[in-house]
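Remarks on the structure that follows.
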Number of protein chains: 2
Amino acid sequence: MTELEQYLHSYFAFEREDLYKVAQLFRKSTLKKGDYYLQTGKICNKLSFIQSGMLRIFVSQEDREVTQWISTKGYFVTDLASLVFRTPGRWNMQALTDTELYTIEKADYDRIGELIPRWPETERLFIAHCFTIMEDRIFNLLSMTAEQRYNFFFEHNREIFNQVPLQYLASMLGMTPETISRIRRKQLS
Amino acid sequence: MTELEQYLHSYFAFEREDLYKVAQLFRKSTLKKGDYYLQTGKICNKLSFIQSGMLRIFVSQEDREVTQWISTKGYFVTDLASLVFRTPGRWNMQALTDTELYTIEKADYDRIGELIPRWPETERLFIAHCFTIMEDRIFNLLSMTAEQRYNFFFEHNREIFNQVPLQYLASMLGMTPETISRIRRKQLS
DNA sequence: AAAGCCACTTGACATATATCAAGAAATCAG
DNA sequence: CTGATTTCTTGATATATGTCAAGTGGCTTT
């Protein structure tokens, strides 16, 4: 199995043969640090798997940027609403570091069902899983203090914690960089 | 068309004949104020459409309850993660008022695809739509003040605003009832 | 009509977190 | 390696929001 096939395998319970067929539809590409994968207002025609590196998903407001999420090695990235409904993308997605991607174009993505009969069910499970992750995130934002959100995220995303600029981490957790800095100091003692 | 068919029609672009077939799978039922539709820890085997009334979706913590959402007339309700993955439900769902539902059992739900060839695609669009609503909600929680969240929700859900106990509204917006009360007073002047 | 129960409002005060500004540390470019 | 940016930390202070407690008013029950 190639590396991409292994990753696909970790998400989808495909037969080896199916894995190969789907993997064939992806093309490897790279982004330099600072390059945009997508920009607000453009329609998203692709879905990618992050092989290495990090992408920051954010919105630019008049006075500041709001980071929605940071995707790292092993995540899929796309603007789902734009990909599915052909609406203008709502997010900017920018490489925080040099990033290697495997990318499938929408036209090919839409044909996976022809290659793999079980695809609709597989995709359904995948999107439903993403949905429940969002539910949990909302619950955390509603019910936790800044420090609790920090700790929770730290527990669940140790690996990226010291690789992401603090200001972006802070924004995606709904707090300021100063607050994170103080939480860290407090937890040293 | 029956009322249920009209509602289904507003969500799904079905043929009239298909509407009828699907609508046949739903059974009308009612909940009295205070009755539970689901409870934390139980597996959810059904999906319902709210014909009238309101359900509150919440989690009980040691010291307080956190209201995740309030579903009203015209919403579908279920615990998606539990329905799809057969995991214990994470939410309580309780009727805030007497409530009329149209309910489909999981076994029937899973057979919709046999009745309607286009169902997988339709369901995919529906779940994707739900996903983007969650994305927006997270963005609002990350980027807005309490007052902005209140105003935003008010704009988008005028009809239920004066029917829901303040404490539940407050919780689902991530603030206290006192804060809502003060926002309201401020906005009178 | 009285009593009791809620839900809501209001005020006083507490606290978490934000803001602003300065300095320290890390990273980057030449 | 060195200076220039950028990012992080820290302190002082401000502000939004939470907490607690009391009071008001509206419903419901009898």
Side-chain angles (χ1 to χ4, degrees), chain A residues 31-35 53-54 56 58 60-67 70 94-99 138-154 157 160-189, chain B residues 32-34 53-54 56 58 61-67 70 94-98 138-154 157 160-189:
Chain A
L31 292 173
K32 285 281 172 201
K33 175 174 178 173
D35 287 351
M54 297 187 291
R56 178 171 71 104
F58 68 100
S60 277
Q61 297 189 321
E62 318 75 63
D63 52 336
R64 64 185 177 134
E65 291 180 349
V66 178
T67 296
I70 290 164
Q94 186 182 27
L96 282 180
T97 62
D98 291 356
T99 298
I138 288 171
F139 183 77
N140 289 348
L141 286 167
L142 289 180
S143 67
M144 292 180 176
T145 64
E147 185 165 2
Q148 290 169 329
R149 295 198 300 278
Y150 174 88
N151 288 334
F152 183 89
F153 187 76
F154 179 68
N157 300 270
I160 72 165
F161 231 66
N162 289 308
Q163 301 171 48
V164 175
L166 200 59
Q167 56 180 307
Y168 302 143
L169 260 189
S171 181
M172 72 179 268
L173 292 174
M175 63 191 79
T176 59
E178 290 94 332
T179 296
I180 289 196
S181 200
R182 291 186 179 109
I183 290 170
R184 284 181 171 169
R185 177 167 45 138
K186 180 180 161 194
Q187 298 195 342
L188 289 180
S189 52
Chain B
K32 285 281 172 203
K33 175 175 178 172
M54 297 189 291
R56 178 170 72 105
F58 69 99
Q61 298 189 319
E62 317 76 62
D63 52 337
R64 63 186 176 133
E65 291 179 348
V66 179
T67 297
I70 290 164
Q94 186 182 28
L96 283 180
T97 62
D98 290 358
I138 289 170
F139 183 77
N140 290 348
L141 287 167
L142 290 179
S143 67
M144 291 180 177
T145 64
E147 185 167 0
Q148 289 169 330
R149 295 198 300 278
Y150 174 87
N151 288 333
F152 183 89
F153 187 76
F154 180 68
N157 301 272
I160 72 167
F161 232 65
N162 290 306
Q163 302 172 49
V164 176
L166 202 59
Q167 55 180 311
Y168 302 145
L169 260 189
S171 180
M172 73 178 269
L173 292 173
M175 63 190 79
T176 59
E178 291 93 333
T179 296
I180 289 197
S181 200
R182 289 181 182 112
I183 289 171
R184 284 182 170 169
R185 176 166 45 136
K186 180 179 161 192
Q187 298 194 343
L188 289 180
S189 51

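Note on naming: letters A, B, ... go to the chains in the order of the sequence lines (proteins, then strands), and numbering restarts at 1 for each one.
The distance from atom CD of B:E147 to atom C1' of D:dA16 is 11 Å, rounded to the nearest whole Å. When rounded to the nearest whole Å, the span between CZ of A:R184 and P of D:dC8 equals 8 Å. Rounded to a whole Å, the CZ atom of A:R182 is 9 Å from the C1' atom of C:dT17. Rounded to an integer number of Å, the gap from CE of B:M144 to P of D:dT17 is 13 Å. If you measure from atom CD1 of B:I180 to atom P of C:dT10, you get 14 Å, rounded to the nearest angstrom. Going from atom CD of A:Q163 over to atom P of D:dC8 covers 13 Å, rounded to whole Å. At whole-Å resolution of the value, CZ in B:R185 and C1' in D:dT24 are 14 Å apart. To the nearest angstrom, C1' of D:dA16 lies 16 Å from CE of A:M175.
Under 4.0 angstrom from either OP1 or OP2 of C:dA16 there lies no side-chain N or O belonging to A:T145. Contact between the side-chain N/O atoms of B:T179 and the OP1/OP2 oxygens of D:dT17 is not found at any separation under 4.0 Å.
Under the 4.5 Å side-chain criterion, counting only non-hydrogen atoms from C-beta, B:V164 is not in contact with B:M172.
A distance of 9.5 Å separates CG of B:N140 from CD of B:Q148, quoted to the nearest 0.5 Å.
At distances below 3.5 Å, at least one donor-acceptor pair connects side-chain atoms of B:R149 with backbone N or O atoms of B:M144.
Nearest nucleotide to the A:T176 side chain, out of D:dC8, C:dC8, C:dA18: C:dA18. Side-chain proximity of B:L166 to C:dT19, D:dT17, C:dC8: nearest is C:dC8. If you check C:dT17, C:dC8, D:dC8 against the side chain of A:P165, the one that comes closest is D:dC8.
Each of B:Y168 and B:E178 was assigned the nucleotide of DNA chain C with the nearest heavy atom; the assignment lying further toward the 5' end belongs to B:Y168.
A donor N or O paired with an acceptor N or O is not found under 3.5 Å between the base of C:dC6 and the side-chain atoms of B:Q167.
The two atoms that bring A:G174 and B:L142 nearest to each other are N-CD2, 3.4 Å, heavy atoms only.
Between B:K32 and B:D98, at least one side-chain N (NZ, or NE/NH1/NH2) sits under 4.0 Å from a carboxylate O, which counts as a salt bridge.
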